[in-house]
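Hydrogens, waters and symmetry mates are skipped; everything else that's a heavy atom, side chains included, is used.
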Amino acid sequence: QVQLVESGGGLVQAGGSLRLACAASGSIFGIVAMGWYRQAPGKQRELVAVSTGGGSTNYADSVKGRFTISRDTAKNTMFLQMNSLKPEDTAVYYCNAQQFGRTIWGQGTQVTVSS
């Protein structure tokens, strides 16, 4: 199965930007969708953005127009460009893949947005 490792999180001021990366290694066959999720303290994990194998994308209403999901297939890496960040974006962000009927998760990367 594929292994996923997130990076790029950190502390940023409101209105700033961060670019998260999800590096895939191991077996990359059979992936039909990849996405970004986030979980804030005391909250359920929620979908942020998803990219299907066919190339379509969807975004949560709360991030639409501010976040962009993309892939660099040559480097087996998925990105989440986050602009105009708000304090409510503070959460642990997780990379996700659907592969052969299984859900694969990365370890998460912390994003903190200060006001």
Side-chain angles (χ1 to χ4, degrees):
Q1 66 182 32
V2 67
Q3 296 170 314
L4 306 173
V5 178
E6 301 97 331
S7 62
L11 175 65
V12 65
Q13 293 282 335
S17 298
L18 284 174
R19 190 191 191 205
L20 306 183
C22 173
S25 62
S27 176
I28 61 172
F29 294 102
I31 296 175
V32 297
M34 294 187 69
W36 289 95
Y37 290 70
R38 67 186 182 187
Q39 187 167 21
K43 301 292 184 65
Q44 293 185 350
R45 190 171 299 183
E46 64 177 354
L47 175 70
V48 176
V50 62
S51 176
T52 70
S56 64
T57 59
N58 285 292
Y59 298 89
D61 289 341
S62 59
V63 308
K64 194 170 297 182
R66 300 188 297 121
F67 291 10
T68 304
I69 189 171
S70 62
R71 297 177 182 175
D72 184 339
T73 56
K75 296 184 180 296
N76 294 322
T77 303
M78 181 177 66
F79 301 95
L80 184 67
Q81 179 66 47
M82 307 186 295
N83 299 326
S84 301
L85 283 163
K86 305 174 181 179
E88 50 263 46
D89 295 319
T90 295
V92 178
Y93 283 71
Y94 296 91
C95 181
N96 161 280
Q98 302 298 317
Q99 183 182 49
F100 297 121
R102 296 178 176 86
T103 302
I104 311 298
W105 295 96
Q107 85 289 344
T109 185
Q110 176 71 48
V111 172
T112 303
V113 184
S114 64
S115 59

Exercise. What closest approach, in Å, do Ala40 and Ala91 show between heavy atoms, and which atom pair accounts for it?
Worked result: N-CB, 3.8 Å
Seminar exercise, completed: Shortest non-hydrogen pair, Ser51 vs Arg71, comes out as O-NH2, 3.1 Å
Exercise. Out of curiosity, does Leu47 fall in the hydrophobic cluster containing Ile104 (side-chain heavy atoms, cut-off under 4.5 Å, transitive links)?
Worked result: no
For this session: Could you tell me whether the side chain of Thr68 and the main chain of Gln81 form a donor-acceptor pair under 3.5 Å?
Result: no
For this session: Just grab all the salt bridge (Lys or Arg N to Asp or Glu O under 4.0 Å) pairs involving residues 104-113, residues at least two apart or on different chains.
Result: none
Exercise. In terms of heavy-atom contacts, does CG of Leu11 have more than 12 from other residues, nucleotides or ligands at under 6.0 Å?
Worked result: yes
Exercise. Tell me, which pairs form a disulfide (SG to SG under 2.5 Å) where one or both residues lie in residues 24-71, sequence neighbours left out?
Worked result: none
Seminar exercise, completed: OG1 of Thr57 to NZ of Lys64, rounded to nearest 0.5 Å, is 9.5 Å
Problem set entry | Ion pair check, Lys86 and Asp89, cut-off under 4.0 Å | no
Problem set entry | Pairs meeting criterion disulfide (SG to SG under 2.5 Å) with involvement of residues 56-87, two or more places apart | none
Problem set entry | Tyr59 vs Ile69 side-chain heavy atoms within contact, under 4.5 Å | yes
Problem set entry | Contacts of Val111 that satisfy side-chain contact (heavy atoms from CB on, under 4.5 Å) - sequence neighbours left out | Leu18, Leu20, Met82, Tyr93, Val113
Exercise. How long is the gap from CD on Gln39 to CD on Glu46, to the nearest 0.5 Å?
Worked result: 9.5 Å
Exercise. How many angstroms lie between CZ in Phe67 and OG in Ser62, if you round to the nearest 0.5 Å?
Worked result: 7.5 Å
For this session: Report yes or no: does Glu6 contribute a side-chain atom to a donor-acceptor pair with the main-chain N or O of Gly108 at less than 3.5 Å?
Result: yes
For this session: Provide the closest heavy-atom pair for Gln13 versus Ser115 in the form atom of the first, atom of the second, distance.
Result: OE1-C, 4.2 Å
Exercise. Residues in side chain to side chain donor-acceptor pair (under 3.5 Å) with Ser7, at least two apart?
Worked result: none
Exercise. Once you round to the nearest 0.5 Å, how far does SG of Cys95 lie from CD of Gln3?
Worked result: 12.5 Å
For this session: Could you grab the distance from atom CD1 of Ile31 to atom CG of Asn96, nearest 0.5 Å is fine?
Result: 10.0 Å
Seminar exercise, completed: d(Gln1 CD, Thr103 OG1) to nearest 0.5 Å is 10.5 Å
Problem set entry | Donor-acceptor contact below 3.5 Å, side chain Gln99 vs main chain Val2 | yes
For this session: Mind checking ring pair (Phe, Tyr, Trp, His ring centres under 6.0 Å) for Tyr37 and listing every partner two or more places apart, or none if nothing turns up?
Result: Trp105
Exercise. Shared ILVMFWY cluster between Val92 and Val48, side chains joined below 4.5 angstrom?
Worked result: no
For this session: Would you kindly confirm whether Met34 and Val63 end up in one hydrophobic cluster when ILVMFWY residues are joined by side chain heavy atoms under 4.5 Å apart?
Result: yes
Problem set entry | Nearest non-hydrogen partners of Leu80 and Ala49, listed with the distance | CD1-CB, 4.3 Å
Exercise. Do other residues, nucleotides or ligands put more than 12 heavy atoms under 6.0 Å from Gln44 CD?
Worked result: no
Exercise. Met78 and Trp36: side chain to side chain contact (heavy atoms under 4.5 Å, CB included), yes or no, with the steps?
Worked result: CA-CA 9 Å; Met78 181 177 66; Trp36 289 95; 3.4 Å; yes
